[in-house]
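A short write-up of the structure that comes next.
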Amino acid sequence: MNLIEELRWRGMIQDIMPGTEEQLLKEQTSAYIGFDPTAESLHIGSLVPILLLVHLQKAGHKPYALVGGATGMIGDPTGKSEERNLLSEDVLQRNQDGIQKQLAKFLQFDESKPNAAVMVNNYDWFKGMSFLDFIRDTGKHITVNYMMAKDSVKKRIESENGISFTEFTYQLIQGYDFYWLYKNHNCKLQMGGSDQWGNITTGAELIRRKAGGEAFAFTCPLLKKADGGKFGKSEKGNVWLDAEKTSPYHFYQFWLNAADDDAKKWIKIFTFLPKEAIETLIQQHDENAAQRLLQKTLAKEVTLFVHGEEGLKQAIETTEKLFANQSAPAESLSEDDLEGMEGVVKIDYDGDKVKSGIDVISFLTETNIFPSRGEAKKMIQNGGISINRKKVEDASLVIASDKLLHSKYLLVQKGKKNYYLVKVG
RNA sequence: GGGCAGAUGGCCGAGCGGUUAAAGGCGACAGACUGUAAAUCUGUUCUCUCACGAGUACGCAGGUUCGAACCCUGCUCUGCCCA
C-alpha cells in the first residue's frame, strides 16, 4: 500500500487535490501541517495531524511542523461563530514553546536522514514584514471575491456578529505560509483537518498565481464521537498530551471509554497496527463486545505512543486496581496499591479531625473534593459518593478512625470514575 | 450623522407589570440498566445553607410604581438599512 492508500484505508483522508497521490509516488516530497499555539499543550485533537506527519515520514517523505506564532496572533475564523479575543504575546510565546517541545517527541528530527523532520514558526517570516509589503506583494494576487466565497468567511458574514478585517485576512496569512514554505523549502503539500480546506486552497492558489508553481493538499476528517459530541473531551475537559495536564491514567481511561463505533474508527486512525491485525481485532470484538478488546488495545497503543512504556504501565496498574475487581472490598488493596495509584487525586487531611469523628459533608468540603456543602449534600442524595467502595447513603454519616484503610487512607469516589485518595496524617 | 432591530442563566431560546430564580431545548453532573460502553429512563444544574431560609441575577445607570426582566429616560455594545 502506498501512503495515500494506507491513509485512505485508515479513514484519514477527507478531501484530496488531484495529482497528490502521483506527486507522492514520484519523489520525496516535503509537506507541512500547522499547529495553532492556542494553548500550552496540544490535545488529542491535534494527534491526528501529528499522526499524518508521522505516516508521511514513515513513507519516506519530509515532514514540516509549523507552529503558528504569527497566525496565532490573528485568530482563525474557521468554525468560530464570533470574533475571538487575541492572545497576549507572552501567552503566545509560552504556548509556542510548549507545543514545539511536544512535537519534538513524535517526529524524527535526526538531521543525518534526508527526510528529517523540520520545525518552523511562521512568526519568523512575518515579524519583519510590513503591512504595505504584504498587501502589495501578496494581497494583490487574491481577490476579495475569492476570499469571501470561503465557507468560514461566508458564514461569519451572514452571522449577526460579522467578521473583523483581522480574521478576514487570516486565510491570506496562512496561505502565505504555504507559499513561503514552497519557495524556501520546496514544500509542495499541505495537510490538515478538513476545516482547514479553505485556508489550504488559498495557499495553493497563491503558489499557482504568485509563483506559477503546483501545490497539493489533502485533509483528514474532523472527528466526532458516535453520539455527536465533540471529540477529545472527557468529564475532565480537554484531554491533553501533556502528562502534567492529563495524567497517563486519565489519558488511558479516555480511550478505554470509547464507544464501540468510535473504537472501530479510532483504532485505525490512532494506532499503527497493520490492516490485518485491526480486522482481526474488530472481528473478535464483534463476537464478544463485553470484553472491550478494541478499547483496551486502542488505549494501550495510544498511551504507549504518547506517554511511553512507563506511563502506560502506570496507567494500566491504576486502572486494574480501581476497576478490575470492583466488587472486592477496599480493604483488599494494599498500602502499596493505594500509594502507587498514578493519576488519582491525592489529598492530605488532618488526622485529629478523623479521630474525633467528622461528618461526611464537612469532610468532603474540607478536602476540597467539593467546593460547597450544598453540592456535597446533593451528590450524596443522588447516590454519587462512595467511601472505601461503599456508597454513602446517609448525609449525616460520621467518619471516624474505624473507616481508615491501613489506619491512614480513605478512598473516596465521586461518581463512578473519579477517585480521590485521602491520606490522613 | 439618520432610521430600524436587538442585548435574558454555560449555550440556544420563551417571557413583556405581581403566581418568574425566570418555560422549553442543548450541554454538563449523578443514579438505574450495562461492558468503567452506546441507547433509554430518573434526578440535579445561580450562590451559600443539613434544613427552614437568605443573597445575588435578565447589557449599564437612573426613574415611574405598593411591586419591573417586562413601562420611561440616558448610556454602552451588536446587527441591518440610508447618507
Side-chain angles (χ1 to χ4, degrees), chain A residues 79-85 154-164 167 224-239 249-267 281-282 284-300 303 315-328 341 343-344 358-366 369-387 389-399 411-420:
Chain A
K80 301 286 186 304
S81 60
E82 51 189 69
E83 194 78 12
R84 289 193 288 171
N85 294 326
K154 208 165 31 174
K155 277 203 189 109
R156 284 283 294 280
I157 287 181
E158 286 161 4
S159 89
E160 61 174 40
N161 295 314
I163 181 169
S164 67
E167 287 195 13
K224 269 202 177 152
K225 291 199 287 185
D227 63 12
K230 235 190 207 151
F231 170 78
K233 297 248 181 188
S234 74
E235 303 82 8
K236 303 232 161 9
N238 270 329
V239 179
Y249 161 73
H250 288 295
F251 187 86
Y252 180 85
Q253 285 284 321
F254 170 81
W255 299 102
L256 196 63
N257 280 300
D260 291 2
D261 290 347
D262 287 332
K264 284 178 195 174
K265 277 187 211 143
W266 294 354
I267 197 156
L281 274 172
I282 290 179
Q284 285 172 328
H285 181 268
D286 285 339
E287 281 162 17
N288 185 359
Q291 236 185 323
R292 295 190 303 150
L293 190 60
L294 263 185
Q295 281 90 339
K296 284 179 187 163
T297 314
L298 174 67
K300 183 183 126 206
T303 308
I316 291 181
E317 272 177 18
T318 303
T319 294
E320 280 177 354
K321 280 171 206 157
L322 293 181
F323 292 103
N325 245 323
Q326 280 201 81
S327 50
M341 289 190 299
V344 170
I358 182 161
D359 64 285
V360 221
I361 296 193
S362 304
F363 171 74
L364 289 173
T365 45
E366 284 173 24
I369 293 172
F370 283 93
S372 81
R373 304 170 65 81
E375 275 187 52
K377 170 120 204 271
K378 275 178 203 156
M379 189 59 91
I380 289 174
Q381 280 166 345
N382 266 323
I385 293 292
S386 295
I387 291 180
R389 285 198 173 148
K390 270 177 59 189
K391 189 169 280 192
V392 177
E393 312 273 2
D394 179 4
S396 60
L397 178 82
V398 172
I399 296 184
L411 187 63
V412 180
Q413 252 171 295
K414 179 165 98 185
K416 234 172 247 167
K417 299 170 192 170
N418 303 302
Y419 283 89
Y420 301 84

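Straight-line distance between the C1' atoms of B/C58 and B/U42: roughly 30 Å, to the nearest whole Å. For the P atom pair drawn from B/A39 and B/G27, the interatomic distance equals 10 Å after rounding to whole Å. For the P atoms, the distance linking B/U34 with B/G15 amounts to 44 Å, nearest Å. When the P atom is compared between B/C75 and B/G13, the two are found 27 Å apart, to the nearest whole Å. Atom name C1', nucleotides B/A32 and B/U36: the rounded distance is 15 Å, in whole Å. Taking the P atom of each, B/G18 and B/A5 are spaced 24 Å apart, rounded to whole Å. Between B/G9 and B/U64, the distance separating the two C1' atoms is 28 Å to the nearest Å. For B/C16 and B/U8, the C1' atoms lie 12 Å apart once the distance is rounded to whole Å.
The partner of B/C71 is B/G63, judged by Watson-Crick or G-U wobble contacts that both fall below 3.5 Å. For B/G10, the paired nucleotide is B/C26, the pair qualifying as Watson-Crick or G-U wobble because both relevant distances are below 3.5 Å. Of the nucleotides present, none pairs with B/A51 by Watson-Crick or G-U wobble criteria with both distances under 3.5 Å. Of all nucleotides present, only B/A5 satisfies the Watson-Crick or G-U wobble test against B/U78, with each distance under 3.5 Å.
Put simply, the side chain of A/L411 reaches to within 4.5 Å of the side chain of A/M341, judged on heavy atoms.
Annotation: side chain to side chain contact (heavy atoms under 4.5 Å, CB included) contacts of A/K391 (sequence neighbours excluded): A/S386, A/E393. For A/N288, the side chain to side chain contact (heavy atoms under 4.5 Å, CB included) partners two or more places apart in sequence, or in a different chain, are A/A290, A/Q291. The side chain to side chain contact (heavy atoms under 4.5 Å, CB included) search around A/I369 returns A/I347, A/L364, A/T367, A/V412, A/K414, A/Y420, A/V422, not counting sequence neighbours. With sequence neighbours left out, the ring-ring contact (aromatic ring centres under 6.0 Å, His included) criterion links A/Y249 to no other residue. In terms of the side chain to side chain contact (heavy atoms under 4.5 Å, CB included) criterion, residue partners of A/R292 (sequence neighbours excluded) are, by chain and number, A/L256, A/Q295. Taking the salt bridge (Lys or Arg N to Asp or Glu O under 4.0 Å) definition, one finds that A/E366 meets it with A/K353, sequence neighbours left out.
The residue A/K391 sits close only to the backbone: its heavy atoms come under 4.0 Å of sugar-phosphate atoms, none of a base.
Residue A/S372 places at least one side-chain N or O under 4.0 Å from the OP1 or OP2 atom of B/U49. The phosphate of B/C48 has neither OP1 nor OP2 within less than 4.0 Å of any side-chain N or O from A/R373. Within the structure, every side-chain polar atom (N or O) of A/S396 is placed at least 4.0 Å from both OP1 and OP2 of B/C50.
As rounded to whole Å, 13 Å separates atom P of B/U47 from atom CZ of A/F370. Residue A/I380 contributes atom CD1, which lies 11 Å from atom P of B/C50 at whole-angstrom precision. We find that CG of A/D359 is positioned 12 Å from P of B/U49, with the value rounded to whole Å. One can place CD of A/E375 at 10 Å from P of B/C46, the figure rounded to the nearest angstrom.
Atom CD1 in A/I387 sits 3.5 Å away from atom CD1 in A/I399 (nearest 0.5 Å). A/K416 contributes atom NZ, which lies 10.0 Å from atom CZ of A/F323 (distance to the nearest 0.5 angstrom).
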Contact pattern, 5' to 3', of nucleotides 36-45 of chain B - B, S or - by protein heavy atom under 4.0 Å: BB-S---BS-

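Of the two residues near RNA chain B, A/G384 and A/A289, the one whose nearest nucleotide lies more 5' is A/G384.
The salt bridge (charged side-chain N to carboxylate O under 4.0 Å, His left out) pairs that include a residue from residues 253-266 of chain A are A/K264-A/D286, where partners are two or more places apart or lie in different chains.
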Checking side chain to side chain contact (heavy atoms under 4.5 Å, CB included) for the pair A/M379/A/F370: CA distance, chi angles, key distance, verdict? CA-CA 9 Å; A/M379 189 59 91; A/F370 283 93; 3.5 Å; yes

Can you check nucleotides 51-55 of chain B for protein contacts, nitrogen or oxygen pairs under 3.5 Å, and list what you find?
none

